[in-house]
Asker: 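There's a structure below that I have some questions on.
In this text the structure is predicted, and so the values were computed from the model without any measurement. Count residues from 1 along the sequence. As a basis for the values below, the full set of heavy atoms in this structure was taken, side chains included, without hydrogen atoms, waters or symmetry mates. Counting starts at 1 for both ligands and their atoms, in listed order.
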Amino acid sequence: MPELPEVEHAARGLGAQIVGRRIVAVTRLDWERMVEAPAVEQFVALLEGREVLAAGRRAKWILLTLDAGWTLALHLRMSGTITVHGPEAQPDVYTHLVLLLDDGQQVFFHDTRKFGRARLLDAAGLAALDAAHGLEPLTDGFTPAALGDRLRTRRARLKPLLLDQKVIAGIGNIYADEALWLAQLHPLRASDSLEDDEIVRLHSGIRLALLQGLEHGGSTLRNYRNSYGEAGSNQEHFNVYDRHGQPCPRCGSAIEKIVVGQRGTHLCPFCQRLAS
Ligand SMILES: [Zn+2]
């Protein structure tokens, strides 16, 4: 599932490829449940004629800023990809939304599992989406103090808290496991038991894991592609994720896989001991 680094790359690619272009028509929309808001007919009517002014990201949402005050918010969920193609390209059966642009390019929202979502938001809708999400971990506002505030005022295990988009935005299963390994913290550690130095380690672990993901174009386990159709290579640089049974890069112990909140969770049993 795409997380912050993957969504960021998807948005940057779209920014480079389609900003300044106008959406001439929605030439395919064959999975109406993809559109969460407004009603499908309105969604199509409002999109047609809109110019793409900017491409950005909030949490795991791609945000295309359009003219007339609209924002097209797109969520890739499990298996979505958004790619840009020439005029001759033909969408396959898994391409559920196609936008035709004024230069003949086409934007394909491809999604084999159909969990991907689109919303066309006005200013109030955009503000609501923003308010529904927590700290952006790569912004200046994400400080050890801000992180400590969010963690210590809750009583939960660390990993589920890192995955909670209302607390910190953009982290999913891969980068949570990698961040906790970097910070040498056990995924089941109680959030209100963290010492100051552990908060500092977790803060830098989160940043490092995400920055490494960004540096390598994101992680591609199955489906993820950027807007050019390119896979990321960060999966070649995982320290713990998807490496159970293999040696920890820091201490050589065998990486373990446990289940935390129904999510497969990878850790080093020596580097990430549950403090007594
Ligand atoms: Zn280790």
Asker: Restricting to salt bridge (Lys or Arg N to Asp or Glu O under 4.0 Å), what partner residues turn up for Arg57, sequence neighbours left out?
Answerer: Glu8, Glu136
Asker: Please determine whether a side-chain nitrogen of the Lys or Arg among Asp103 and Arg22 lies less than 4.0 Å from a carboxylate oxygen of the Asp or Glu.
Answerer: no
Asker: Would you please name every residue forming a side-chain contact (heavy atoms from CB on, under 4.5 Å) with Arg152, sequence neighbours left out?
Answerer: Asp196, Ile199
Asker: Which protein atoms of type N, O or S are found under 2.8 Å from the Zn ion (ligand 1)?
Answerer: Cys248 SG, Cys251 SG, Cys268 SG, Cys271 SG
Asker: Ring centres of His96 and Phe109 under 6.0 Å apart?
Answerer: no
Asker: Do Arg77 and Asp111 meet the salt-bridge criterion of a basic N to acidic O distance under 4.0 Å?
Answerer: no
Asker: Excluding sequence neighbours, so at least two apart, what forms side-chain contact (heavy atoms from CB on, under 4.5 Å) with Ala89?
Answerer: His85, Gln106, Phe108
